[in-house]
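Predicted, not measured: the structure shown is a model, and the values here were computed from it. Numbering of ligands and ligand atoms starts at 1, following listing order. These numbers come from the heavy atoms of this one structure, side chains and all, not from hydrogens, waters or symmetry mates.
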Amino acid sequence: MSNIELKKLPQHIAFIIDGNGRWAKSRGLPRTLGHKAGFETLKKITKECFYNYKIPIVSIYAFSTENWNRPQKEIDYLIDLFEDYTSEKFVKDYPGVKLNVMGDYTKFPDRVVRNVEACMETTKDNKLIFNLGINYSGQDELVYAINGIINDGHKSVTREVVEEYLYTAGQPPVDFCVRTSGEYRLSNFMLWQLAYAELYFPKVKWPGFNRKHLKDSLIEYQSRDRRFGSIKE
Ligand code: FPP
């Protein structure tokens, strides 16, 4: 871990895992194989964050509310991955990690809903947190929070109250967000939680993002001067 200062690592890291389709296309492969490779990368990188760098919270954008517009074959492939991932394999693969799904997962087939709920229940007391965005939209999350606030009868709100109603209630904001594939957008991901996050856009497509890229990203994060709107003396 040379060049990395353990004390200055992000406590909450987010990944927008972009470029699976283009990675596959450039190899003459179907898009689904890009997702298969992206899925392997996801497992490798999230474990590296939790267990090597000891980053306690990792957030992943795996499926947006707009992704329903993709070809059915691709959606079905991703649904199978979500079902597989949120099974007992998650509990075995990620000791000490709590699964927290962000987004309306009830729109997925029952088999996914059952697994997600069982996995969240089994892992609920773990201290590390994996926020998995599926059928997720940052704007919808704010609407969901506002509806929760109204239903609970609040007459006025503060930032702290809003935070209690987000999918990430009780968690610190995102410190560092990495979007792969050279696209410079947030695409509606964790809009509230990213307010002061450092952003990083490496060119590599997600399936090619390896441990070295992660390390380089963290070194980049550590070089940033986080002022939170203030000034340095
Ligand atoms: C973005 O690449 C990737 C997605 C929309 C899906 C990512 C999902 C996975 C890798 C599966 C994760 C699975 C679990 C269980 C968390 P893209 O298809 O938009 O790539 P492109 O922009 O090159 O077309």
Indicate the ring-plane relationship of F176 and Y221, choosing parallel, tilted or perpendicular according to the 30° and 60° boundaries.
tilted
Measure the distance from atom 6 (C) of ligand 1 to every protein heavy atom, then report the residue, atom name and distance (to 0.1 Å) of the closest one.
A62 O, 3.3 Å
I'd like to know if D216 and R211 make a salt bridge, using a cut-off of under 4.0 Å between side-chain N and carboxylate O.
no
Check if E183 has a non-hydrogen atom at a distance under 4.0 Å from any atom of ligand 1.
no
Give the residue, atom name and distance (to 0.1 Å) of the protein heavy atom nearest atom 9 (C) of ligand 1.
L78 CD2, 4.0 Å
The answer for which part of L42 has a heavy atom under 4.0 Å from ligand 1 is side chain
Residue D18 vicinity, atoms of ligand 1 by number, heavy atom under 4.0 Å
1 (C), 2 (O), 17 (P), 19 (O), 20 (O), 22 (O)
Nearest protein heavy atom with distance in Å, relative to atom 5 (C) of ligand 1:
N67 OD1, 3.6 Å
Can you tell me which residue and heavy atom of the protein come closest to atom 1 (C) of ligand 1, and the distance to 0.1 Å?
I17 O, 3.1 Å
Measure the distance from atom 4 (C) of ligand 1 to every protein heavy atom, then report the residue, atom name and distance (to 0.1 Å) of the closest one.
H35 CE1, 3.8 Å
Once the angle between the rings of Y94 and F50 is folded into 0 to 90°, is it parallel (under 30°), tilted (30 to 60°) or perpendicular (over 60°)?
perpendicular
Whether F39 lies under 4.0 Å from ligand 1, heavy atom
yes
If the cut-off is 4.0 Å to any non-hydrogen atom of L81, which atoms of ligand 1 fall inside it?
11 (C), 15 (C)
Of the listed options (R70, R22, E74, K205), which comes nearest to atom 18 (O) of ligand 1 when hydrogens are ignored and any heavy atom counts?
R70
Show me which atoms of ligand 1 lie under 4.0 Å from any heavy atom of L132.
16 (C)
When you measure from the centre of the six-membered ring of F39, is the NZ or CZ of K43 closer than 6.0 Å and no more than 45° off the axis?
yes
Describe, in one word, how the ring planes of F108 and W68 are oriented to each other, choosing from parallel (under 30°), tilted (30 to 60°) and perpendicular (over 60°).
tilted
Once rounded to the nearest 0.5 Å, what's the spacing between atom CG of L194 and atom CG of L186?
6.0 Å
With a 4.0 Å heavy-atom cut-off (strictly under), which part of R31 contacts ligand 1: side chain, backbone, both or neither?
side chain
Angle class for the Y144/Y167 ring planes (parallel below 30°, perpendicular above 60°, tilted otherwise)?
parallel
Basic-acidic side-chain contact under 4.0 Å: K36, E40:
no
Would Y165 and H154 count as a ring-ring contact (aromatic ring centres under 6.0 Å, His included) if you check the C-alpha gap in whole Å, the side-chain angles of each, and the deciding distance to 0.1 Å?
CA-CA 12 Å; Y165 286 84; H154 287 273; 5.7 Å; yes
Hey, is I60 touching ligand 1 through its side chain, its backbone, both or neither, going by heavy atoms under 4.0 Å?
neither
Identity and separation of the nearest protein heavy atom to atom 10 (C) of ligand 1:
N20 ND2, 3.3 Å
For D175 and H12, which I'm curious about, is there any donor-acceptor pair between the side chains at under 3.5 Å?
no
Can you pull out the closest protein heavy atom to atom 20 (O) of ligand 1? Residue, atom name and distance to 0.1 Å, please.
G21 N, 3.0 Å
